[in-house]
Amino acid sequence: MLEVKNLTVHYDGAMALNNVSIKVDKEEFVAVVGPNGAGKTTLLKAISGTIRELQRVRREKAHLTGEIIFEGKRIDKLKPWSIVKMGIVHCPERRRLFSEMTVYENLIMGSYLRKDKEEVKKDLERVYQLFPVLKERRNQMAQTLSGGEGQMLAIARALMARPKLLMIDEPSLGLSPIAKQTVFESIQEIWKSGVTILLVEQDVSMALSLATRGYVLTHGRIAAHGTPEELLRNEDLREMYIGI
């Protein structure tokens, strides 16, 4: 479904990713783990096209080379909204909600590019079933939600775009253990429903317990990849990069 080939990204001359290649097959659950500053978030931003938009809007000096191919088509030159239309949806780190909109309005913003109004209504009910608390809070402002509720809203908003590939960046960041468990159970349910998942996560044990395959990213390079069992059996890898 997704193939990233020899991706290199520089910010203001500093290298964030160095010749990174990954693959994600349809209906896989792939985790990308590694230490802070390894380039995990940059990888997702490159795939979703937002690095180029940041460069244009904020005039950040970012340079990207390599190829990103989705369902047989190159997307590394496309605008972010074109990538969303193709089926790749990015749920960003720290949620990035529209804080002065209601829960309902945030969800509807997730379907902004869609014209199938009846199907949007059905998807709204589906996300309410997946996250019942969002239905209870639908008229609340997003800024009044707890951390766990906010993360549920961020994921639900992404689902409203009806993704084929859902990329989720650090969903457990700042959450209580109970909220974290609830969020990861929901992500697993989304995957079981047929949505392909590419997850970046700081909780390595949790990420690898759910994933079908994983990559270890460190200093902008892929240090290892394989099944969760293969990665966890490597003692040097666990000590140096995974931290468990």
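L159 places none of its side-chain heavy atoms less than 4.5 Å from the side chain of L107. In this structure, the side chains of D169 and H90 come closer than 4.5 Å at one or more pairs of heavy atoms. Contact check for W81 versus M86: no side-chain heavy atoms found under the 4.5 Å cut-off. Looking at V30 and I197, their side chains never come closer than 4.5 Å, going by heavy atoms from C-beta outward. In this structure the side chain of L232 reaches within 4.5 angstrom of the side chain of L208, judged on heavy atoms. When side chains are defined from C-beta on, E105 does not count as touching F98, because their heavy atoms never get closer than 4.5 Å.
Applying the ring pair (Phe, Tyr, Trp, His ring centres under 6.0 Å) test to every pair with at least one member in residues 114-148, sequence neighbours left out, gives no pairs at all.
Between R162 and E119, at least one side-chain nitrogen of the basic residue sits less than 4.0 Å from a carboxylate oxygen of the acidic one, meeting the salt-bridge criterion. Using a 4.0 Å cut-off between charged side-chain N and carboxylate O, E170 and R94 make no salt bridge. A salt bridge between E201 and K40 is absent, with no side-chain N of the basic residue lying under 4.0 Å from a carboxylate O of the acidic one.
Taking each heavy atom of A158 and C91 in turn, the nearest pair found is CB-CB, 4.2 Å. Taking every heavy atom of both residues into account, V120 and S111 meet most closely at CG1-OG, 3.7 Å. When all heavy atoms of T212 and P228 are compared, the closest pair comes out as O-CD, 3.5 Å.
No more than 12 heavy atoms of other residues, nucleotides or ligands shown are found within 6.0 angstrom of NE2 on H225. For CZ of R114, the number of neighbouring non-hydrogen atoms (other residues, nucleotides, ligands) closer than 6.0 Å is greater than 12. The local environment of CD in E125 is crowded, with over 12 non-hydrogen atoms from other residues, nucleotides or ligands closer than 6.0 Å.
Using bins of under 30°, 30° to 60° and over 60° for the plane-to-plane angle, the ring pair F29/W191 lands in the perpendicular bin.
With hydrogens and angles ignored, the 3.5 Å screen pairs no side-chain donor or acceptor of T144 with any backbone N or O of Q140. A donor-acceptor contact shorter than 3.5 Å is absent between the side chain of Q181 and the backbone of I178. Side-chain N or O atoms of S82 include none that pairs as donor or acceptor with a backbone N or O of L78 at under 3.5 Å. D76 contributes a side-chain N or O that, together with a main-chain N or O of I68, makes up a donor-acceptor pair within less than 3.5 Å. Of the possible donor and acceptor atoms, one in the side chain of E230 sits under 3.5 Å from a partner among the backbone N and O of T227. Checking side-chain atoms of T218 against main-chain N and O of A38 turns up no donor-acceptor pair under 3.5 Å. A donor-acceptor contact shorter than 3.5 Å is absent between the side chain of S21 and the backbone of K5. Checking side-chain atoms of R157 against main-chain N and O of R95 turns up a donor-acceptor pair under 3.5 Å.
With sequence neighbours excluded, the residues forming a side-chain hydrogen bond (donor to acceptor under 3.5 Å, both in side chains) with R126 are D123, listed by chain and number.
Side-chain contact, D203 with S172: no donor N or O sits under 3.5 Å from an acceptor N or O.
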